[in-house]
Amino acid sequence: MVKAIVASIKLSTTSDLEFSYKEKEMIKLCEADDIEVVSSIYQNADSVNPTTFLGKGKLEEIKKDMELYEVDVCIFNTELTLHQLNNISSILGEDKTVYDRTTLILNIFLTRAKTKEAFLQVKIAQLKYFLPRLVGLRSYLSRSGGSASGAGSATRGAGETKLELDKRYIKAQINKYEKELIQIKKQRQTARKARQNYDLPSVALVGYTNAGKSTIMNYFINNFKARGEKLEVLQKDMLFATLGTTTRMIKLKNNHKFLLTDTVGFVSDLPHHLVESFKSTLEEIKEASLLIHVVDASSPHMENELTTTISVLESLEIKNIPTIIIYNKMDLVKIPLFKESDNTLLLSIKDESSYEKLAQAINNILFSNCINTNILIPFEKSAIFDFIKNNEDIINIEFLDSGILINANILEKDLYKYQDYIKK
Ligand SMILES: Nc1nc2c(ncn2[C@@H]2O[C@H](COP(=O)(O)OP(=O)(O)OP(=O)(O)O)[C@@H](O)[C@H]2O)c(=O)[nH]1
Ligand SMILES: [Mg+2]
């Protein structure tokens, strides 16, 4: 495990609570990247130093601490400019590795990327971020093996030509990956079109990382799976367990079907290039008929996590979609201050009835336009009877001399299927 020191600034405009949140989150991000934080150092200041981020004195202190703890890596809890990176590196020593929160997040995403699409998206975001910072990040790049870009070979002493070559190489890599991504996007669009052919409403799980989205997804897959839709998604107590989206068809007990999509979790100050890169994956959220916004109610920073998610959704121009807010992990909440309403539910994995309530709420929103209908099926039309039994929300079945009388809640758009048998 790599050991590191984390360096932050506490601006006079930042509250203690906000600052401690950012510090704790940074430590979790480091853990997610397999880095042990041996010390967190911060400086109180009125503003950021544009050339060195922290004051020179503070950086000297960090340098001493790095020697004391025998640590080679210092991660800054911010996004550094090339200028700041260079200056900090010269103060801390050329043999030390200096990088920032954005590089850390990009790295976590890269190690978590399991699909080709996720890998390409993160790689493009990472290269675009590295491009203007090649010189400053040289120690990081050489430590991380040049991250397949050859960028690690960019050394300051090698001069302009070498740097220009590296830049050109990276630009070519970005180009190549973008082309590959376009191909995958086409396949994704085909898959999406195929799903649209089912003509089913879609529901997207959104929220801060580790809120419990995949856990909800898995509950629905295991309890309401439709036609061989069994594959569970990864749920784990770590940041960014899910990268990329997974869609499964869900069939509720009343036969109503919808598509449920699990998505990547958000984090505060999500790197800009990453949001850009993930836009195509997150497009699916835009087309959802309903959003389930999952919030970890046991997190001391719940408010912040909730507003971050809302602002990321806004930046993706996702608005005006009906939303159910889920206050999740209620089993860990000692004093519950939240109230349930039509669009707000309290959920806990330990309380199955809360999940049933969620299924009911989804049903009420997605299938509110059902019409209570009587259908009389002649006995010889057993195939139609079977179809209705498997596909419609049946309230009552009565066997009459003239056939089988079914009372069911049927979507207006589906009524035509039974038009010959509907009893007025
Ligand atoms: N105590 C408790 N833990 C829960 C509950 N729901 C989920 N968890 C745990 O929270 C952790 C994160 O859950 P995930 O479902 O992976 O979270 P996620 O929102 O998909 O996270 P990312 O994929 O990282 O965005 C896991 O360890 C879950 O077991 C709950 O109701 N109560
Ligand atoms: Mg997940």
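Whatever order the structure lists them in is the order used to number ligands and atoms, beginning at 1. Throughout, residue positions are numbered sequentially from 1 according to the sequence presented.
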(message) Tell me whether Asp262 contacts the main-chain N or O of Thr246 through its side chain, where contact means a donor paired with an acceptor under 3.5 Å.
(response)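 Not confirmed, Asp262 side chain does not pair with Thr246 backbone.
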
Could you tell me if [Y] and [X] have a donor-acceptor pair between their side chains, going purely by distance under 3.5 Å?
| X | Y | result |
| --- | --- | --- |
| Thr308 | Ser311 | no |
| Ser89 | Asn86 | no |
| Thr51 | Gln84 | no |
| Thr215 | Asn218 | no |

Close N or O approach ([X], ligand 1; < 3.5 Å):
| X | answer |
| --- | --- |
| Ala211 | yes |
| Lys350 | no |
| Gly212 | yes |

(message) Quick check for you: to the nearest 0.5 Å, what is the distance between Leu85 atom CG and Thr103 atom OG1?
(response)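 The CG atom of Leu85 sits 7.0 Å away from the OG1 atom of Thr103.
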
(message) Quick check on the 6.0 Å ring-centre criterion: do Tyr327 and Phe338 meet it?
(response)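 Close enough - the centres of the two rings lie under 6.0 Å apart.
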
Which residue supplies the protein heavy atom nearest to [atom], what is that atom called, and how far is it?
| atom | result |
| --- | --- |
| atom 16 (O) of ligand 1 | Lys236 N, 2.9 Å |
| atom 25 (O) of ligand 1 | Lys213 NZ, 2.9 Å |
| atom 11 (C) of ligand 1 | Asn210 OD1, 3.6 Å |
| atom 5 (C) of ligand 1 | Lys329 CG, 3.6 Å |
| atom 29 (O) of ligand 1 | Gln235 NE2, 4.0 Å |

(request) Please tell me if the side chains of Arg101 and Thr78 come closer than 4.5 Å, counting only heavy atoms from C-beta onward. (result)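 No, side chains not in contact.
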
(request) Measure the shortest side-chain to side-chain distance between Thr261 and Thr263 over non-hydrogen atoms and say whether it is less than 4.5 angstrom. (result)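 SC-SC contact between Thr261 and Thr263 confirmed.
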
With heavy-atom distances below 4.0 Å as the criterion, list the atoms of ligand 1 near [X].
| X | result |
| --- | --- |
| Ser348 | 31 (O) |
| Leu332 | 1 (N) |
| Thr215 | 6 (N), 7 (C), 13 (O), 14 (P), 15 (O), 28 (C) |
| Asp331 | 1 (N), 2 (C), 30 (C), 31 (O), 32 (N) |
| Ile349 | 5 (C), 30 (C), 31 (O), 32 (N) |
| Gly265 | 25 (O) |

(request) Using a 4.0 Å heavy-atom cut-off, say whether Thr209 meets ligand 1 through its side chain, its backbone, both or neither. (result)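 It is both parts that get close, each with some atom under 4.0 Å.
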
(message) Can you tell me which portion of Asn328 lies within the under-4.0 Å heavy-atom range of ligand 1? Options are side chain, backbone, both, or neither.
(response)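 For Asn328, the contact with ligand 1 is made by the side chain alone.
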
Do any side-chain atoms of residues 387-394 form donor-acceptor pairs under 3.5 angstrom with protein atoms, and if so which ones, sequence neighbours left out?
unit_1: Asn390; atom_1: ND2; unit_2: Asp386; atom_2: O; d: 3.3
unit_1: Asn391; atom_1: OD1; unit_2: Lys257; atom_2: NZ; d: 2.8
unit_1: Asn391; atom_1: ND2; unit_2: Phe387; atom_2: O; d: 2.9
unit_1: Glu392; atom_1: OE2; unit_2: Tyr418; atom_2: OH; d: 2.5
unit_1: Asp393; atom_1: OD2; unit_2: Asn409; atom_2: ND2; d: 3.4

(request) Give every residue pair that meets the salt bridge (charged side-chain N to carboxylate O under 4.0 Å, His left out) criterion with at least one member in residues 310-333, sequence neighbours excluded. (result)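 Every salt bridge (charged side-chain N to carboxylate O under 4.0 Å, His left out) pair that includes a residue of residues 310-333, provided the two are not neighbours, is Asp296-Lys329, Asp331-Lys350.
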
(request) Return each pair, listed once, that meets salt bridge (charged side-chain N to carboxylate O under 4.0 Å, His left out) where at least one residue sits in residues 51-61; pairs must be two or more places apart or across chains. (result)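 Qualifying pairs: Lys58-Glu61.
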
(message) Using a 6.0 Å cut-off, check whether atom NZ of Lys339 has over 12 heavy atoms from anything other than its own residue.
(response)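 Counting neighbours around NZ of Lys339, 12 or fewer heavy atoms of other residues, nucleotides or ligands fall under 6.0 Å, so no.
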
(request) Tell me the protein N, O or S atoms under 2.8 Å from the Mg ion (ligand 2), in chain and number order. (result)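 For the Mg ion (ligand 2), the protein N, O and S atoms that sit under 2.8 Å away are Ser214 OG, Thr242 OG1.
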
(request) Kindly give the heavy-atom pair with the smallest separation between Phe220 and Leu358, and that separation in Å. (result)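 Heavy-atom minimum between the residues: CE1-CD2, 3.8 Å.
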
